[in-house]
Amino acid sequence: MGEVRLRRVAASEVAGARQPAVRPEMIAPVLEIVESVRRGGEAKLREYAERWDGLEAGGALIRTPVEMRASLESLPRSDRGVLERTAGRIEHFARAQLESARPVDVAVEGGRAGDRVVPVRVAGCYAPGGRFPLPSSVLMTAVTARVAGVREVWLASPKPSREVMAAGAVAGVAGLLGAGGAQAVAAMAYGVGPVPRCDVVAGPGGEWVTAAKLLVSGVVGIDLLAGPSELAVLSDEHGDPVLIAADLLAQAEHDPAALPVLITTAGDLVERVEAELARQLSHLPTADTARAALRNGFAIVAPEAEALRCCEELAPEHLQLHGSRTEQWERSLDRFGAVFVNESVTEVLGDYGAGPNHTLPTGGTARFTGGLSVLSFMRRPTWLRLEQGPQLDVLTRDAATLARMEGLEAHARAAELRMGDRADSVQRNAASSKGTSGSDRLT
């Protein structure tokens, strides 16, 4: 059966016990790929796709909506029903998010100000396909983009399976690029061949995809850094080791770089979970990948307050709560991509379409961002509409004064030209500014 032992980490060491979202050593090789695709265009993209993504020499890089529809129609009715029902659940949740994204229109001194909620025009959605085809990621990204109002949604996935193609049809994507990794992210960011330059690139992926998203983020919007899967299980002595082990393995089988973590207030629970991990691994088809990921993972035993602090410090992609205090813990924690509040809800139900999105922040980035949503595909440009009057004069004087504090005389004059006594004011201020050099004003 084989022994399984999780690395023990002290609560005080949790900050250094995990990898960052993008390891520094990934930057140089990923940048080389991104720049090669940017400069070399479709020919370089094809070269990489044939080398790494299983594309046949001279094969079609792009799959059309007609081809995707044919894949959907070829599925057994039961499988098609699963895809369509899952898409419906994702759409239902995304529409609720969309309802919350209301434009602002508020009174300000001299008039009104606000913003608009505007979808981007073109989105690129990435669905991993290296070890396993992930039609769920197609639906999570592309359905959400469509609900946001994106006009044109493209999909990239290496070695697209029939199920991935079918999911693309369900989601209504405009085309599917049969390439993956950093090369696919670069193609969507810069526009290569028939793939348009996208406004946002979204979706989960491994280290190469995550690093590429980081590198192109100044050129294209990205949703978040959604790298190799993470799960932290928090439990007291009442946690069920069978369920805890099953939850850890469900994440560990994704990728050898996945991060499964057990945090508990009960020392003996770790040994019971380890025994159960060994038992379940003995008949798991993906055991080799899961074992590699378990070697990345670790266990922490600490009093309750320290255990909760460890969860907040880790800010994991997924946080699964087990035991007798899940409701209390859920109320006191907020640094996670998604939380699963009791033993009745495995993280897998979030992965496979209960409604909330499974594209979530990794590497501790849940400290400052949330998961993929309709807002990932939207912009909020602001507007300002003012009318002449006493209130505007107060605002204008304040703006001019602040501009002069910063040494920006043209700013001040542009504001004062809007005032009723503007001619006298501009003349007066021009005279007062004589003799003061620009360098003096800017220091």
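Along the sequence shown, the residues carry numbers beginning at 1.
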For the side chain of [X] and the backbone of [Y], is there at least one donor-acceptor N/O pair under 3.5 Å apart?
X      : Y      : result
Ser235 : Thr264 : no
Glu163 : Pro135 : no
Thr365 : Thr362 : yes
Thr210 : Glu207 : no
Asp115 : Val104 : yes
Glu343 : Gly239 : no
Asn296 : Ala258 : yes

[X] vs [Y] side-chain heavy atoms within contact, under 4.5 Å:
X      : Y      : result
Phe377 : Arg146 : no
Val200 : Val150 : no
Leu395 : Leu386 : yes
Ser136 : Thr86  : no

Task: Asp247 side chain to Thr346 side chain, donor-acceptor N/O pair below 3.5 angstrom - done: yes
Task: side chain to side chain donor-acceptor pair (under 3.5 Å) partners for Asp223, two or more places apart - done: Lys213
Task: Pairing residues for Glu99 by the side chain to side chain donor-acceptor pair (under 3.5 Å) criterion, not counting sequence neighbours - done: Arg102
TODO: Scan residues 14-69 for pairs that pass ring pair (Phe, Tyr, Trp, His ring centres under 6.0 Å), counting only residues two or more places apart or in two chains.
DONE: Tyr48-Trp52
Tell me whether the count of non-hydrogen atoms from other residues, nucleotides or ligands lying under 6.0 Å of [atom1] in [X] goes above 12.
X      : atom1 : result
Asp105 : CG    : yes
Glu56  : CD    : no
Arg7   : CZ    : yes

- [ ] Could you pull out the closest heavy-atom pair between Val374 and Leu98, with the gap in Å?
- [x] CG2-N, 3.7 Å
- [ ] In plain terms, say whether Arg272 and Glu276 are close enough for a salt bridge, that is, a side-chain N and a carboxylate O under 4.0 Å apart.
- [x] no
Open item on the list: Under 4.0 Å between a side-chain nitrogen and a carboxylate oxygen: does that hold for Glu271 and Arg8?
Closed with: yes
Could you pull out all donor-acceptor pairs under 3.5 Å where a side-chain atom in residues 70-83 meets a protein atom, sequence neighbours excluded?
from: Ser71; atom 1: OG; to: Glu67; atom 2: O; distance (Å): 3.4
from: Ser74; atom 1: OG; to: Ser71; atom 2: O; distance (Å): 2.8
from: Arg80; atom 1: NE; to: Glu84; atom 2: OE2; distance (Å): 2.9

TODO: Determine which pairs satisfy salt bridge (Lys or Arg N to Asp or Glu O under 4.0 Å) with at least one residue from residues 304-314, sequence neighbours left out, and list them in order.
DONE: Glu304-Arg325, Glu306-Arg309
Open item on the list: Once side chain to side chain contact (heavy atoms under 4.5 Å, CB included) is applied, do any residues pair with Ala156, and if so which ones, sequence neighbours excluded?
Closed with: Tyr126, Leu177, Ala184, Met188
Task: Option passing side chain to side chain donor-acceptor pair (under 3.5 Å) with Glu347 (candidates His358, Gln320, Gln251) - done: Gln251
Task: Option passing side chain to side chain contact (heavy atoms under 4.5 Å, CB included) with Val14 (candidates Leu314, Ile263, Val261) - done: Leu314
